[in-house]
Each structure stands twice: as structure tokens, then as C-alpha cells.
J.: 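One structure, as C-alpha cells, below. Some questions next.
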Amino acid sequence: MSAGGRLGRASVIIAAAGSGSRLGLAAAKAFVELCGHPMLYYSLAAAARVEGVIELVIAVPPGMERAARAAVSEAGVALPVKITPGGAARQDSVRIALELTSAESDLVAVHDAARPLAPAELFAAALADASRFGAAIAAVPVADTLKRGQAEAISATLSRAGLFQSQTPQAFRRALLLSAFKTAQERGWEATDEAELVERIGGEVRLVKGSPENFKITTPEDLAMAQALIAARGRALG
Ligand code: CTP
Ligand code: MG
């Protein structure tokens, strides 16, 4: 059995290098305060408790390295943590962080700092399926009816059968993710999640059950919703 236990060893990448332009605040999104902690704190605390995780690699906006280190201390993370400036697009940030992951890791999970409500169990589930199948992402079935439209008129109603919303964490065998990013780099592929790059090199990606609570904070309304949910959790815990 490896040091990481049944699952093998895993590195967790936290993508936190975005500016949060749609949130419209002065601070970078991952450092916006949420119930007394920077948003990044919640992902660090969850990822650090997952069995088999041997390190965290955080991509932050250039100049925010010290603030990230402070969030790591605040979250009481005892694991080795690497902090790097991210890139222009999310995919660049993840690629830079991936290059810093330890070759000791069999698995890599990628998570958005903008999803502070992801529980440790969701990381564990994605890593377990990635270990078995190669790749696994958190996702939720589409609940609303989907319309295609232009300007203010509908041109079609789409079936939502078999449609999922992709979330993070997204977990992969490290060698598979490295190979997907290498091919993407060579061919100039751009994608909004890692799974798409793995799909494009022919990898099978499994779905693990995410939750509506694991939404991505994009707008001020999302921030208010996350605040309410975290405050309610705090009350439930007494
Ligand atoms: N991200 C990143 N590097 C970038 C852009 C985004 O690491 N160059 C991260 C963000 O920090 C976030 C996640 O990717 O945790 C999802 O991106 P998104 O929600 O779009 O965040 P922002 O890009 O910061 O927000 P916006 O698009 O509104 O500017
Ligand atoms: Mg963005």
C-alpha cells in the first residue's frame, strides 16, 4: 500500500488566480471575505482533510502569494503547500500549477477557489473514481428546461435529458492530465474545464454526484447566497 493509502497519493490544485470581474469588488475573488475568512480558506480546509492528499498547489494572482500563505495558516493546513502566480486564463493557471505537482502523486484534483462549499467527501469521491477509471468530475443533472434563444425570442427548446452541469473538483490520474495538457499546448486547444481536454485525447471521464450547494460564486448574488449557507452551517454546528 502506498503512503497515500488505498487511493494512492494525490495533489490538489486550487485555481484561485482569477480577478472576479463579474463580482465587481476591488479584491481578487478568492480573497474576498466570506463569513470572516477569505474565500480561498474554505477550499484549502476541505482539500487538506482528504485522505491521500500529500500537497496543495495554489495558483493566485501575481502579488497575492503572501495573502495566500496567510489563508493556508488560517486554515491550519499541515501539508506542504506550493503557491504560484497563475496565468491569463484559468487553463494557464491550472497548467502552471500542474507542472509544480509532485511526481510522487498518482492523482491530481483540480478545484476552483470560487466553489467554497465543496465538501471534503466530494474530493474523496472524485479521487476514488479517478483512481479506478482515470478521470472523474463532480457534476449535477440540469434541472431547468433549456431554451435556445436570440435577443428576446426563443428559437428552440432543448431536451435536458442526459445533460449535466460540470463542477469541480475534477480528478485525474496525473499522467493522463499531463498528457492532456501537453496535447492541448501543442494543438492550441482551449477549454473551460480539465475534463474537456482529457475527453479530447480520448480519455473516459466519469461523473460523480456534485450538489447544488457546490455552485461557483460569480455574481454578488452568489456571494450573498454562499454567505447565508455558510452562516447556516455554522449555526447547525452550534
Ligand atoms: N481562475 C484562475 N486563473 C485565471 C482565471 C480564473 O485560476 N486566469 C480561477 C478563478 O480564481 C476561479 C476559477 O478559476 O476560482 C473559475 O473562474 P471564474 O469563476 O471565471 O473566476 P474569475 O475569472 O476570477 O471571475 P470573472 O470571470 O468574473 O473575472
Ligand atoms: Mg473567469
Side-chain angles (χ1 to χ4, degrees), residues 11-34 37-48 55-72 75 77 81-101 108-119 122-123 126 137-140 165-172 177 180-181 184-185 188-198 210-227 229-230:
S11 301
V12 176
I13 292 172
I14 308 285
S19 63
S21 54
R22 287 169 287 179
L23 204 51
L25 298 173
K29 185 159 70 179
F31 297 90
V32 165
E33 194 190 300
L34 191 56
H37 298 291
M39 193 181 297
L40 173 63
Y41 161 98
Y42 297 93
S43 299
L44 297 175
E55 65 171 1
L56 308 182
V57 184
I58 316 168
V60 299
M64 295 305 282
E65 294 85 349
R66 279 171 67 100
R69 189 59 67 187
V72 169
V77 177
V81 177
K82 297 166 181 163
I83 298 170
T84 179
R90 182 181 176 285
Q91 186 174 321
D92 303 309
S93 298
V94 174
R95 191 191 64 248
I96 292 164
L98 179 60
E99 283 163 7
L100 294 176
T101 57
V108 174
V110 182
H111 184 60
D112 292 332
R115 297 182 189 272
L117 286 136
L122 190 54
F123 284 85
I137 69 167
V140 288
Q165 287 176 252
S166 163
Q167 300 185 332
T168 70
Q170 304 203 342
F172 309 89
L177 192 59
F181 269 85
Q185 189 84 338
W189 293 346
E190 286 172 16
T192 49
D193 70 359
E194 290 63 57
E196 185 181 346
L197 299 178
V198 169
S211 75
E213 278 202 2
N214 183 29
F215 63 91
K216 183 159 71 72
I217 296 180
T218 304
T219 63
E221 292 76 16
D222 296 333
L223 187 65
M225 180 89 78
Q227 253 149 5
L229 286 167
I230 291 169

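Note: hydrogens, waters and symmetry copies are ignored here, and every other heavy atom, side chains too, is used. For ligands, and for the atoms within them, numbers begin at 1 and follow the listed sequence. None of the values given here were measured: they were computed from a predicted structure.
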J.: Any side-chain heavy atom of Thr84 sitting closer than 4.5 Å to one from Ile58?
T.: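 A side-chain contact under 4.5 Å is absent here.
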
J.: Any side-chain donor-acceptor pair under 3.5 Å between Asp222 and Thr219?
T.: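 Short answer, yes.
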
J.: Can you tell if the side chain of His37 reaches within under 4.5 Å of the side chain of Ile230, non-hydrogen atoms only?
T.: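 Not in contact.
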
J.: Output yes when Glu194 and Arg90 qualify as a salt bridge under the 4.0 Å nitrogen-oxygen rule, no when they do not.
T.: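 Yes.
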
J.: Ligand 1: which residues have a non-hydrogen atom closer than 4.0 Å?
T.: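 The answer is Ala15, Ala16, Ala17, Gly18, Ser19, Gly20, Ser21, Arg22, Lys29, Gly87, Ala88, Ala89, Arg90, Ser93, Asp112, Ala113, Ala114, Lys216, counting any residue whose heavy atom sits under 4.0 Å from ligand 1.
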
J.: Does Arg115 reach the side chain of His111, with side-chain heavy atoms less than 4.5 Å apart?
T.: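 In short, these two side chains touch, coming nearer than 4.5 Å.
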
J.: How close do Ser93 and Gly87 get, heavy atom to heavy atom, and via which atoms?
T.: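 Heavy atoms only, the tightest pair is OG-N, 3.0 Å.
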
